[in-house]
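Encoded as structure tokens, the structure appears first; notes follow it.
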Protein chains: 2
Amino acid sequence: MRTLYHYNVSSASRRVRMALAEKGLPFELVLEKPWERSERLLRMDPAGEVPVLVEDDGTTVAGAAVLEYLEEVYPEPALLKGTAVQRAEIRRLVAWFAEKFEREVTDNLVGEKLIKRLSGQGHPHAVTIRAGLANIHYHLEYIAFLAERRTWLAGDAFSLADIAAGTQLSTVDYIDSVPWTDHLEAKDWYARIKSRPTFRPLLADVIPGVPPPRHYADLDF
Amino acid sequence: MRTLYHYNVSSASRRVRMALAEKGLPFELVLEKPWERSERLLRMDPAGEVPVLVEDDGTTVAGAAVLEYLEEVYPEPALLKGTAVQRAEIRRLVAWFAEKFEREVTDNLVGEKLIKRLSGQGHPHAVTIRAGLANIHYHLEYIAFLAERRTWLAGDAFSLADIAAGTQLSTVDYIDSVPWTDHLEAKDWYARIKSRPTFRPLLADVIPGVPPPRHYADLDF
């Protein structure tokens, strides 16, 4: 069986889970806590990061390369659709959310409030959390800007850009740190992501002892 | 004329410069200091990052998407060659050097020692520099590990992985912070990168008032 080694509030893992589901590819999940840097994980990915995808035949693909690999091997339905320029726009936005949003928002909020606690790596840093809470407004405005002008974030088609943005927001929403009421357009777009059947398993995945807020999995939030 | 908006010690810019040169595509350079966040740059790339590529017909591609764009539009010579699995290996290593090396080494060394000074953003932070100097050993060992087992970093063919690793090292070498004498195998691999004609323009690009060390552009270093 195709296996994805993942961590439940890793945005990178969530991107791949949703992409696999959108492509209708069955897989089973194995949990890896990346801070434990298990030997198994380091053998599969020398960077010791999640996710790692292992195919039935043993083919192993790690990290940022997984999304492009899936698109090449399982092209339908396409999540990187269009001309080279349209594909560049999708990739620009994937990088925006996977790297910039992660660095400016997710690391500062989920990293400080949740991962530090789960991994026993010290106390949350108030200045870092404040930076994350300030930065998220700018990203939600950018989502609204895009969603106002386009059907989906990168253009007419649902794409990896929507997956990248939606999964980042889902991890921040897990700790109830998305100011939805200040950003109704971004919320409308996120409601469309939430209503996709491929997103439901992410929202049903709960960390033992750390429940998400009540609205988290609710389509009417 | 095809134009690349770049900054001379930006590793991301250097990756694209070398890829353009490897593909034999002529271009002119326009310097952008990313910390100035010029209106021109923000208009082309809302993230305000370099590089941005503008084609003759006005097509504009920004950031991490440029390398994949070039590969799709100008496939020969291929820098992302092979099966989906081989391409995933190249992309894994591009991410390793473009993101992990950048975060663990380049930001800590070039960021602290050079960019802070050029941009007037305060004094270098000794603890951060020490972290960068410690981390670089591990990355040079990883380059040696790969170069011992393969012709080029990702396999038989020269690829974007070599470009990503070589350009990162070139920016750190600009400030004379690569411990070459401790890592002779990595040095041998870097000597092969240095000898490529497409790498020469990078080594000839000097920041006014901040000369690189004497060995920097020397093939016999």
Side-chain angles (χ1 to χ4, degrees), chain A residues 12 16 42 44-49 51-55 57-75 80 82-104 107 138-139 141-143 145-146 153-154 160-161 164, chain B residues 12 16 42 44-49 51-55 57-75 80 82-104 107 138-139 141-143 145-146 153-154 160-161 164:
Chain A
V16 173
L42 286 166
M44 292 187 296
D45 174 23
E49 289 166 9
V52 177
L53 180 74
V54 181
E55 296 272 38
D57 66 359
T59 297
T60 301
V61 186
V66 182
L67 292 176
E68 295 275 354
Y69 165 84
L70 289 177
E71 197 63 21
E72 291 187 3
V73 180
Y74 311 103
L80 246 174
T83 64
V85 173
Q86 289 165 330
R87 288 160 62 90
E89 177 63 359
I90 295 170
R91 289 189 176 108
R92 179 182 75 82
L93 290 169
V94 170
W96 181 294
F97 291 104
E99 293 161 36
K100 188 176 166 68
F101 186 105
E102 174 110 345
R103 197 170 59 233
E104 295 176 353
D107 285 350
Y138 152 71
H139 286 281
E141 279 163 22
Y142 192 46
I143 289 172
F145 172 90
L146 295 169
L153 293 187
L160 290 178
Chain B
V16 173
L42 286 166
M44 292 187 297
D45 175 23
E49 290 166 8
V52 177
L53 179 74
V54 181
E55 297 272 36
D57 66 0
T59 297
T60 301
V61 186
V66 182
L67 292 177
E68 295 275 353
Y69 166 83
L70 289 176
E71 197 63 21
E72 291 187 3
V73 179
Y74 310 103
L80 246 174
T83 64
V85 173
Q86 288 165 331
R87 288 159 61 90
E89 177 63 359
I90 295 170
R91 289 189 176 109
R92 178 182 75 82
L93 290 170
V94 170
W96 182 293
F97 291 104
E99 293 161 38
K100 188 175 166 67
F101 186 106
E102 174 111 343
R103 196 170 61 232
E104 294 176 354
D107 285 350
Y138 152 73
H139 285 280
E141 279 163 21
Y142 192 47
I143 288 172
F145 172 90
L146 294 168
L153 293 188
L160 290 178

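- The contact between Ala88(A) and chain B is made by backbone and side chain atoms together, counting heavy-atom distances below 4.5 Å.
- Taking the charged nitrogens against the carboxylate oxygens, Glu72(B) and Arg87(A) do have a contact shorter than 4.0 Å, which makes a salt bridge.
- Per-residue counts of heavy-atom pairs under 4.5 Å with chain B were compared for Lys100(A), Glu49(A), Glu68(A); the largest is that of Glu68(A).
- For Tyr74(B), the side chain to side chain donor-acceptor pair (under 3.5 Å) partners at least two apart in sequence or on another chain are Arg2(B), Glu55(B).
- Counting only heavy atoms from C-beta outward, the side chains of Phe97(B) and Ile143(B) approach each other to under 4.5 Å.
- Ranked by heavy-atom pairs under 4.5 Å with chain B, the list Ala47(A), Ala62(A), Ala95(A) is led by Ala47(A).
- At a 4.5 Å heavy-atom cutoff, the contact between Tyr138(A) and chain B is made by side-chain atoms alone.
- Contact of Glu89(A) with chain B is not made at all, since no heavy-atom distance falls under 4.5 Å.
- Ala64(A) touches chain B through its side chain: at least one heavy atom from C-beta onward sits under 4.5 Å away, while N, CA, C and O do not.
- Rounding to the nearest 0.5 Å gives a distance of 5.5 Å between CG of Leu146(A) and CG of Leu93(A).
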* To do: Apply side-chain contact (heavy atoms from CB on, under 4.5 Å) to Leu53(B) and Thr60(B), showing your working.
  => CA-CA 6 Å; Leu53(B) 179 74; Thr60(B) 301; over 6 Å; no

